[in-house]
Number of protein chains: 2
Amino acid sequence: MDLKEAREQFIQAWGTFGSAWGINRTMAQVHALLLISHEPLCTEDVMEQLNVSRGNANMNLRALIDWSLVRRAMKVGERKEFFEAEKDVWKVATHITRERKKRELEPLVRLLDQLEDVPGATPEAKSFRKMTHDLHDLTTRLDTLLDHSTRRDVQWFVKAASTLLK
Amino acid sequence: MDLKEAREQFIQAWGTFGSAWGINRTMAQVHALLLISHEPLCTEDVMEQLNVSRGNANMNLRALIDWSLVRRAMKVGERKEFFEAEKDVWKVATHITRERKKRELEPLVRLLDQLEDVPGATPEAKSFRKMTHDLHDLTTRLDTLLDHSTRRDVQWFVKAASTLLK
DNA sequence: CGAAAGTTCCAATTATAAATGAAAGTAAGT
DNA sequence: ACTTACTTTCATTTATAATTGGAACTTTCG
């Protein structure tokens, strides 16, 4: 397999992987493209290489910056903006984890916290409280786990745990 | 907040949470409904309580069974099928983790394994190999971690780790 | 200031994913 | 073997999410 084809496959796969996890396919593809580029790209590069419109490229680049996965980079003698991805995969993992924890896990934990004290003595009410309580416990633990592992750096955590468990 | 409203909120939230993570909203809602029901429900119950069609209800119930999150349950003297959810939230987490690992993580690891040896000495090629190699390392470790934690039971793992890190 | 280069926004369109419901399929009871 | 109760399938429709492209906005520099 030559480089061109391999790059294509990687971009495609990262896009598919992302969209299976609720990440906009194009956002994931732009991310993939920047990850494997050895120098910063501008909006037009992204548009050309992925065949997407300016608006789309721009929107997803901004989103990636928002996620701390990409940063603006200026080139000397150039006026326009360039973009480069964070290349440290452990940092990438940390940023993604933090962001998703904040956007999706934390709101769920907050809701479960409220729901577990709904009144009632019927089997339905008991069953409901049991489940929300258990889920609250699980999600809180997961939240704590992710919180600490992303503070200390996932690298430390995953390496330690995966070695330990081998 | 009364039970009816709380149930509604929970089903809604679980659906939203699921769809943010690439799970069909209705599938997540059916799961939520079964999680908080104190007794098995039949297809019609699901149809009524969630306002979905027979086909939809059936399709998502089957998918949930496929994920080992729901099982068929017969009621004495009843001919039709009933469904009940796995109520142990740690088992639920284990099943979801295993399933997603199998469906999405493993294929990615396999691809990265192939991609990290594309030929070429250009900066582009080197950059590509470095990234695929690093990602391969990360995803493999994550895979190992999830594998072991779901074998021993996530309960053990998350409890131990989240306590340890507190 | 005014033109040029670049960036962002957003209403309208298009693509993708999910839901419907009627029809076909299965199986249990008589 | 036939009827009835129930389940599954799938072509079509509908809802949701993503994309486009032009207009508006901002910045840079002679």
Side-chain angles (χ1 to χ4, degrees), chain A residues 11-34 40-67 70-84 100 103-104, chain B residues 11-34 40-67 70-84 100 103-104:
Chain A
I11 291 170
Q12 214 49 48
W14 200 242
T16 305
F17 187 72
S19 70
W21 289 87
I23 303 287
N24 174 329
R25 177 187 269 95
T26 304
M27 175 170 158
Q29 289 181 338
V30 174
H31 185 217
L33 175 62
L34 290 171
L41 303 184
C42 67
T43 305
E44 301 234 335
D45 295 330
V46 172
M47 288 167 63
E48 279 172 26
Q49 299 205 40
L50 300 179
N51 282 299
V52 296
S53 69
R54 185 172 298 283
N56 197 7
N58 180 256
M59 172 186 292
N60 286 299
L61 283 166
R62 275 185 307 121
L64 286 164
I65 290 171
D66 206 49
W67 282 60
V70 165
R71 52 181 162 264
R72 295 170 199 279
M74 291 302 171
K75 280 192 186 178
V76 288
E78 288 269 15
R79 188 165 143 189
K80 67 185 167 192
E81 289 188 320
F82 286 78
F83 302 89
E84 67 180 349
R100 303 212 72 171
R103 293 171 194 232
E104 294 124 19
Chain B
I11 291 170
Q12 213 51 47
W14 200 242
T16 305
F17 187 72
S19 70
W21 289 87
I23 303 286
N24 174 329
R25 177 186 271 94
T26 305
M27 175 169 157
Q29 289 181 338
V30 174
H31 186 216
L33 174 62
L34 291 171
L41 304 184
C42 68
T43 305
E44 301 235 334
D45 295 329
V46 172
M47 289 168 63
E48 278 172 27
Q49 299 205 40
L50 301 178
N51 280 300
V52 296
S53 69
R54 184 173 298 283
N56 197 9
N58 178 66
M59 172 186 292
N60 286 298
L61 283 166
R62 274 186 307 122
L64 286 164
I65 290 171
D66 205 48
W67 283 61
V70 165
R71 53 183 162 263
R72 295 170 198 278
M74 291 301 171
K75 279 193 186 178
V76 288
E78 289 270 14
R79 187 165 144 189
K80 67 186 166 191
E81 288 186 320
F82 287 79
F83 303 90
E84 67 181 346
R100 302 212 72 168
R103 291 171 195 231
E104 294 125 19

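Within every chain, numbering begins at 1; the chains are lettered A, B, ... in the order of the sequence lines, protein sequences first and strands thereafter. Hydrogens, waters and symmetry mates play no part in the numbers below; they use all other heavy atoms, side chains included.
- Residues A:Gly55 and B:Arg79 each lie close to DNA chain C; by heavy-atom proximity, the contact nearer the 5' end of the strand is made by A:Gly55.
- In terms of phosphate contacts, A:Arg62 brings no side-chain nitrogen or oxygen within less than 4.0 Å of OP1 or OP2 of C:dT7.
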Is there a salt bridge (charged side-chain N to carboxylate O under 4.0 Å, His left out) between B:Asp45 and B:Lys75 once you walk through the steps? CA-CA 14 Å; B:Asp45 295 329; B:Lys75 279 193 186 178; over 6 Å; no

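- Protein atom CE of A:Met59 is 14 Å distant from nucleotide atom P of D:dA17, rounded to whole Å.
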B:Ile23 vs B:Arg100, test: side chain to side chain contact (heavy atoms under 4.5 Å, CB included). Steps then yes/no. CA-CA 10 Å; B:Ile23 303 286; B:Arg100 302 212 72 168; 3.8 Å; yes

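- Regarding A:Glu78, its CD atom lies at a distance of 15 Å from the P atom of D:dT28, rounded to whole Å.
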Does the pair A:Arg72 and A:Phe83 meet the rule for a side chain to side chain contact (heavy atoms under 4.5 Å, CB included), with working shown? CA-CA 5 Å; A:Arg72 295 170 199 279; A:Phe83 302 89; 4.2 Å; yes

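- Spacing between atom CD of A:Gln29 and atom P of D:dA18 amounts to 13 Å, rounded to whole angstrom units.
- The CZ atom of A:Arg54 sits 15 Å away from the C1' atom of D:dA24 (whole-angstrom rounding).
- B:Asn24 comes within 4.0 angstrom of sugar-phosphate atoms only, judged by non-hydrogen atoms across all strands, and of no base.
- B:Asp45 has its CG atom 11 Å from the P atom of D:dT7, to the nearest Å.
- Of the side-chain N and O atoms in A:Thr43, none sit less than 4.0 angstrom from OP1 or OP2 of C:dG6.
- If you take CE of A:Met74 and C1' of D:dT27, they are 11 Å apart, rounded to a whole angstrom.
- Side-chain N/O atoms of B:Asn58 include one lying less than 4.0 angstrom from OP1 or OP2 on D:dT8.
- In terms of position on DNA chain C, the residue among A:Asn56 and A:Glu81 whose nearest nucleotide sits closer to the 5' end is A:Glu81.
- Note on ring orientation: taking the six-membered ring where Trp is involved, the planes of B:Trp14 and B:His31 are tilted (angle from 30° to 60°).
- Here the CG atom belonging to B:Leu61 is positioned 6.5 Å from the CG atom belonging to B:Leu34, to the nearest 0.5 angstrom.
- At whole-Å resolution of the value, NZ in B:Lys80 and C1' in C:dT26 are 17 Å apart.
- Distance CD1 (B:Ile23) to P (C:dA17): 14 Å, rounded to an integer number of Å.
- Closest approach to the A:Asn60 side chain among D:dT19, C:dA5, C:dT8 is made by D:dT19 (side chain taken as heavy atoms from C-beta onward).
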